[in-house]
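As structure tokens, the structure follows; a few thoughts come after it.
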Amino acid sequence: MRVNSGKVGVLPAETGTRTAPAAKPARPKVRKKNTATSGATGSGSVPEGKVGPAPRSTTVVAFPEPPGRKLRRRIWIGAGAAAVLVVALILVLVFSPVLAIKTITVSGTDLTSEETVDEALAPLKEQPLPQVGDDDVRPLLEGLPAVLDVTVEARPPSELAVEITERIPVAVLETGKTFALIDAEGKRIGSVKERKSAELPLIDESAASKDQEIFRTITAVLSALPADVLAELEHASAKSIDSVELQLANGQKVLWGNDSQLELKAKVFEALLNAPEPDVEVEVYDVSTPTMPVTR
């Protein structure tokens, strides 16, 4: 032990070994700048005698368009041009005054005068022909009693053809000095001045005025008969909806009953009427039960 300057310390024993000195800290490695790279990066130029990196190519290679894609594009362009032309043509046809209605021809009018129809259709004059259809004409004629339906045909450049379907009369009704024509629904659809002008059975005016249900039952029965059979009938009457009676021009009577099984009753009655004349004269045809008709 040594004492130095008043301080006490312990010295390592002198045993022939020494303590290893402390390791020095490692210095960080510093990369040397590549003057060639640095110069190229900083100024964009390469020093003389130095070789720098090759510049990037900006050339774009254009590949040819597939034939199918080119064909489809042409088809779409052509279709678009055709659509534009079609629309333009439609607009010209619909709104052009060249196709304005100048003439209206009417057919199918037996009970309605053509003058009445022409007057009702007058508002259609000068209207564009393609814009007028059945729904435009029908309201103009719905006030005419005999008109059931209409069909319109456009005949360019300026003619409108109107075909009228009229109601069918099945009977006549005496009204003062004229005879009204009656259809299957009991509606008055026209008139004639003389009874012989219409080969149809006459309905009692009393049936029409007292009970509309009885009246419509009679007209429904008559509507089931063909025109040639109606022409042979003189009179039709009923006291109730179950007791319809018909009378032929030769005086024979037909007991019809109600308006059930109309088609079957009509066929049975027509067959009896056209059957060979029996030995005994028939006064009454009873078809109220069509499966068991009776003549007497």
Side-chain angles (χ1 to χ4, degrees), residues 101 103-125 127 132-154 159-238 241 244-247 249 256 258-259 262-263 266:
I101 297 175
T103 305
I104 299 177
T105 57
V106 179
S107 61
T109 54
D110 293 329
L111 305 176
T112 309
S113 65
E114 292 187 6
E115 292 77 9
T116 303
V117 176
D118 291 339
E119 183 178 354
L121 298 180
L124 297 177
K125 292 289 185 69
Q127 293 283 340
V132 178
D134 296 351
D135 294 337
D136 301 299
V137 177
R138 193 176 290 113
L140 299 176
L141 300 178
E142 63 183 2
L144 304 180
V147 176
L148 178 63
D149 200 4
V150 296
T151 303
V152 174
E153 179 186 357
E159 180 182 354
L160 181 69
V162 179
E163 183 178 359
I164 295 178
T165 302
E166 292 186 324
R167 299 177 182 274
I168 301 176
V170 297
V172 293
L173 180 67
E174 187 172 2
T175 57
K177 296 182 179 181
T178 62
F179 294 87
L181 300 175
I182 310 298
D183 72 345
E185 298 177 358
K187 184 177 180 179
R188 302 185 184 191
I189 59 176
S191 63
V192 292
K193 294 181 178 180
E194 298 180 358
R195 169 74 176 85
K196 61 181 180 180
S197 298
E199 296 181 348
L200 297 169
L202 178 68
I203 298 178
D204 286 338
E205 187 177 2
S206 59
S209 58
K210 290 182 180 179
D211 195 322
Q212 286 295 317
E213 187 178 4
I214 294 177
F215 186 72
R216 284 192 294 268
T217 301
I218 296 174
T219 57
V221 168
L222 296 175
S223 67
L225 297 172
D228 57 340
V229 176
L230 284 176
E232 297 187 33
L233 295 178
E234 179 68 24
H235 190 266
S237 62
I241 59 174
V244 177
E245 291 187 8
L246 310 177
Q247 182 177 332
W256 192 278
N258 55 31
D259 59 356
L262 286 178
E263 294 184 2

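Fair warning: this is a prediction, and the values are worked out from it, not measured in the lab.
Exactly one of Leu222, Asn258, Val244, Asp211 qualifies for a side-chain contact (heavy atoms from CB on, under 4.5 Å) with Thr217. That residue is Val244. For the side-chain contact (heavy atoms from CB on, under 4.5 Å) with Leu200, the lone residue among Leu233, Val172, Ile182 that qualifies is Val172.
The CD atom of Glu114 sits 9.5 Å away from the OG1 atom of Thr105 when rounded to the nearest 0.5 Å. Separation of atoms CG (Leu144) and CD1 (Ile164) is listed at 7.0 Å; rounding is to 0.5 Å. Rounded to the nearest 0.5 angstrom, Lys125 NZ and Asp118 CG are separated by 7.5 Å. The CD1 atom of Ile241 lies 4.5 Å from the CD atom of Glu213; values are rounded to the nearest 0.5 Å. Rounded to the nearest 0.5 angstrom, Glu153 CD and Asp134 CG are separated by 10.5 Å. Here the CD atom belonging to Glu232 is positioned 12.0 Å from the CG atom belonging to Leu246, to the nearest 0.5 angstrom.
Heavy atoms only, all atoms of each residue included: Ile189 and Pro169 are closest at CD1-N, 3.8 Å. Between Arg188 and Leu173 the shortest heavy-atom distance is NH2-CD2, 3.5 Å. Of all the heavy atoms in Ala184 and Ser223, the pair that sits closest is CB-CB, 3.4 Å. Residue Ala180 comes nearest to Thr175 through the heavy atom pair N-OG1, 4.1 Å, listed as atom of the first residue, atom of the second, then distance.
The shortest side-chain heavy-atom distance between Leu160 and Val152 falls under the 4.5 Å cut-off. Residues Ile218 and Trp256 fail the side-chain proximity criterion, which asks for heavy atoms closer than 4.5 Å. You'll find the side chain of Asp149 reaches within 4.5 Å of the side chain of Arg138, heavy atoms only. Using a 4.5 Å heavy-atom cutoff, the side chains of Glu166 and Thr109 are in contact. Inter-residue side-chain proximity for Glu119 and Glu115 is flagged as unmet; no heavy-atom pair is nearer than 4.5 Å. Using a 4.5 Å cut-off on side-chain heavy atoms (C-beta onward), Asp183 and Leu148 make no contact. Looking at Leu121 and Val106, their side chains come closer than 4.5 Å, going by heavy atoms from C-beta outward.
Heavy-atom neighbours of Ile168 CD1 from other residues, nucleotides or ligands within 6.0 Å: at or below the threshold of 12. With a 6.0 Å radius and a threshold of 12 heavy atoms from other residues, nucleotides or ligands, Glu185 has its CD atom at or below the threshold.
Not one N or O on the side chain of Gln127 forms a donor-acceptor pair closer than 3.5 Å with the backbone of Val132.
Checked by atom type, the side-chain pair Thr116/Ser113 shows a donor-acceptor distance below 3.5 Å.
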